[in-house]
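Labels below follow one simple rule: chain letters A, B, ... track the order of the sequence lines, proteins then strands, and each chain is numbered from 1. Nothing here was measured: the structure is a model prediction, and the numbers come from that model. FYI, side chains are in, hydrogens and waters are out, and symmetry mates aren't considered; it's all heavy atoms of this structure.
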Amino acid sequence: MLDVRWAREHPDALDAAMTKRGAEAVSAAVLALDTKRRSAQTRFQELQSARRDASKAIGQAKAKGEDASAAMAAVAKLKDDAAATEAEAKQASDALDALLATLPNPPADDVPPGANEDDNVFVRENGTPRAFAFEPKSHIDLGEPLGLDFEAGVKLSGARFAAMRGQIARLERALAHFMLDLHVQEHGYAEVRPPILVRSEAMYGTGQLPKFEEDSFQTTDGRWLIPTAEVPLTNLAADTSFEPADLPLRYVAHTPCFRSEAGAAGKDTRGLIRMHQFDKVEMVSIVSADQSEAELERMTAAAETVLQRLELPYRVLLLCAGDMGFGARKTYDLEVWVPFQNKYREISSCSTCGDFQARRMGARVRRTEGKGTDFVHTLNGSGVAVGRAMVALLENHQREDGSIGIPAALQPYLGGMTELTSGQG
RNA sequence: GGAGAGGUGCCAGAGUGGUUGAAUGGGGCGGUCUCGAAAACCGUUAAGGGUGCAAGCCCUUCGAGGGUUCGAAUCCCUCUCUCUCCGCCA
């Protein structure tokens, strides 16, 4: 949710921000509703004030035993007028909120313009794609002998589901635990096991609702399967006023994520890249405004460490305005090299949301000086997507015989194994 | 699933129709005292919004939404959440 006062004072900036994102200019509509709301509210307040004074006078008169029937009749008119004006104000206010709830976060100034992923800006890279002396196989062909079972996924659940067995199952677990330990032990994140079914309020807080209802799965009792642990982790801060000393808060969680992939028909239909259910290690930071810029760099670096330790080549991109998520103010994507596809694929997305989510969920921090509170800033980043890390690991570390070399950092999580071969358990 | 209790300020906890945004205690902050600290004492301490150059004035908020009333934290209805007991259960 953007700040309506900012919109009121900078209508041109609002339109520029929306246009930069490829959305419609809305300042005229926002300002019209805002003006209507404030005018009705002011009139209501004047009527209400008069009404309260009149009622108090009646109370005092009655206390003295005087007759107050004339005053009581007079106040009835005020009451009707006040109620009508209040309804008018509420209607305008609700309409304004409904509109604001659908507007994406204005991009930061240093976010490059652009319509889609073609306009993202290269920032840096690490490692170089390996030159294979043989034709590299896909993670599907490599994984199936090791226990990656797409047939079982289809049988049990349908397309975009997979079962993992044996070594692949263990590898998935090892990857997740490695990432979790890394962020907890070296990056100062607090481990959380959040609920993965959440209320609509939580989905609204992080921005999945009201606009992207069709992207997530909902239970019959109205709860939502989280599309990312960003939802429960960030909403831990909802309805809270922090002391400055409480911040920054850093959370990390390993959870399944569920996405309907409604708009992705036909994309990545084979393999593990795009599933309805996948595991992800997610980082969330709750910080004060002055900390948020540095925190985004820190979080991105933490995600990069995962890929470095797994010895996977990757690059970092700064997303253009048109490719950013709804709630993001600035986003870095990490793309890992996928040999079989011969291209880089997204494996992590680290974003600062500024105060956009905080305003939706009521997450505040007291000012260090003076009275009052400010909204906190929230950040989230994958650290990283486990299924896609598995894809990258299998393909990048494959050998000609189909076995998979295990990077040193991961070996302790696999009982010291240095490779996976189809002959093993 | 059955039965019951309850949601009040940073926390605990009063308050069942009339200047109650709300007693009291704790905590926080400021001060007195002290070489310093503790203790004691004094003072202070909600958020959001409207209006205004400002000081200020005003409105809203006692889980949420409706209703009764001249007047609601207090009465009524609906919803929601929490807790307790019983049942069931990984």
Side-chain angles (χ1 to χ4, degrees), chain A residues 1-9 30-101 193 195-205 209-210 218-224 232 235-247 249 256 288 355 357-376:
Chain A
M1 180 92 75
L2 55 79
D3 182 359
V4 70
R5 266 181 296 187
W6 173 83
R8 188 187 306 153
E9 287 158 22
V30 170
L31 261 53
L33 283 170
D34 181 51
T35 304
K36 193 177 164 196
R37 172 190 130 252
R38 283 187 297 142
S39 124
Q41 191 171 332
T42 304
R43 279 181 284 127
F44 161 67
Q45 290 180 359
E46 284 163 1
L47 291 165
Q48 182 75 334
S49 184
R51 178 189 172 202
R52 285 173 47 136
D53 288 346
S55 288
K56 272 182 192 169
I58 290 169
Q60 285 165 344
K62 285 200 162 183
K64 289 183 212 156
E66 295 166 6
D67 175 39
S69 54
M72 285 167 65
V75 89
K77 172 82 167 77
L78 273 176
K79 182 189 175 186
D80 291 343
D81 289 351
T85 317
E86 184 180 26
E88 196 182 323
K90 185 174 188 305
Q91 194 184 15
S93 177
D94 288 350
L96 179 62
D97 287 345
L99 174 60
L100 291 176
R193 299 266 309 164
I196 59 178
L197 245 44
V198 297
R199 306 174 187 284
S200 295
E201 286 82 350
M203 293 284 278
Y204 178 87
L209 294 180
Q218 189 168 24
T219 63
T220 52
D221 73 350
R223 284 177 243 269
W224 299 84
N235 276 286
L236 287 174
D239 302 317
T240 307
S241 283
F242 294 102
E243 297 298 330
D246 297 338
L247 307 179
L249 285 168
S288 58
D355 63 7
Q357 294 178 326
R359 182 171 281 112
R360 288 175 161 250
M361 65 178 70
R364 299 182 159 87
V365 58
R366 290 190 192 289
R367 296 209 176 109
T368 355
E369 290 172 16
K371 292 183 67 169
T373 58
D374 294 307
F375 289 107
V376 300

Practice prompt. Round to the nearest Å and state the distance from Arg52(A) atom CZ to U69(B) atom C1'.
Written response: 16 Å

Collect all protein-nucleotide pairs involving nucleotides 76-81 of chain B in which both atoms are nitrogen or oxygen and the distance is under 3.5 Å.
{"from": "C81(B)", "atom 1": "OP1", "to": "Arg199(A)", "atom 2": "NH1", "distance (Å)": "3.4"}

Response to the item:
For Thr219(A), the side chain to side chain donor-acceptor pair (under 3.5 Å) test, sequence neighbours excluded, returns Asp221(A)

Worksheet item: Which whole number of Å gives the distance between the P atom of C29(B) and that of A39(B)?
Response: 12 Å

Item to complete: Check whether any side-chain nitrogen or oxygen of Arg51(A) sits under 4.0 Å from OP1 or OP2 of C59(B), and answer yes or no.
Response: no

Worksheet item: Quick one: do Lys77(A) and Asp80(A) make a salt bridge, cutoff under 4.0 Å?
Response: no

Discussion item. How many whole angstroms separate atom CD of Gln41(A) from atom P of C58(B)?
Written reply: 16 Å

Item to complete: With heavy atoms under 4.0 Å as the rule, sort Lys77(A) into base, sugar-phosphate or nothing.
Response: nothing

Worksheet item: Can you find a side-chain donor-acceptor pair between Gln41(A) and Arg38(A) that sits under 3.5 Å?
Response: no

Item to complete: In whole angstrom, give me the gap between the C1' atoms of G65(B) and C57(B).
Response: 30 Å

Worksheet item: How many Å lie between NZ on Lys79(A) and C1' on A72(B), as a whole number?
Response: 12 Å

Item to complete: Taking atom P in both G18(B) and A72(B), compute the distance separating them and give it to the nearest angstrom.
Response: 11 Å

Discussion item. For A47(B) and Arg364(A) - does any side-chain N or O of the residue sit under 4.0 Å from the phosphate oxygens OP1/OP2?
Written reply: no

Worksheet entry | C1' gap between C62(B) and G15(B), integer Å | 11 Å

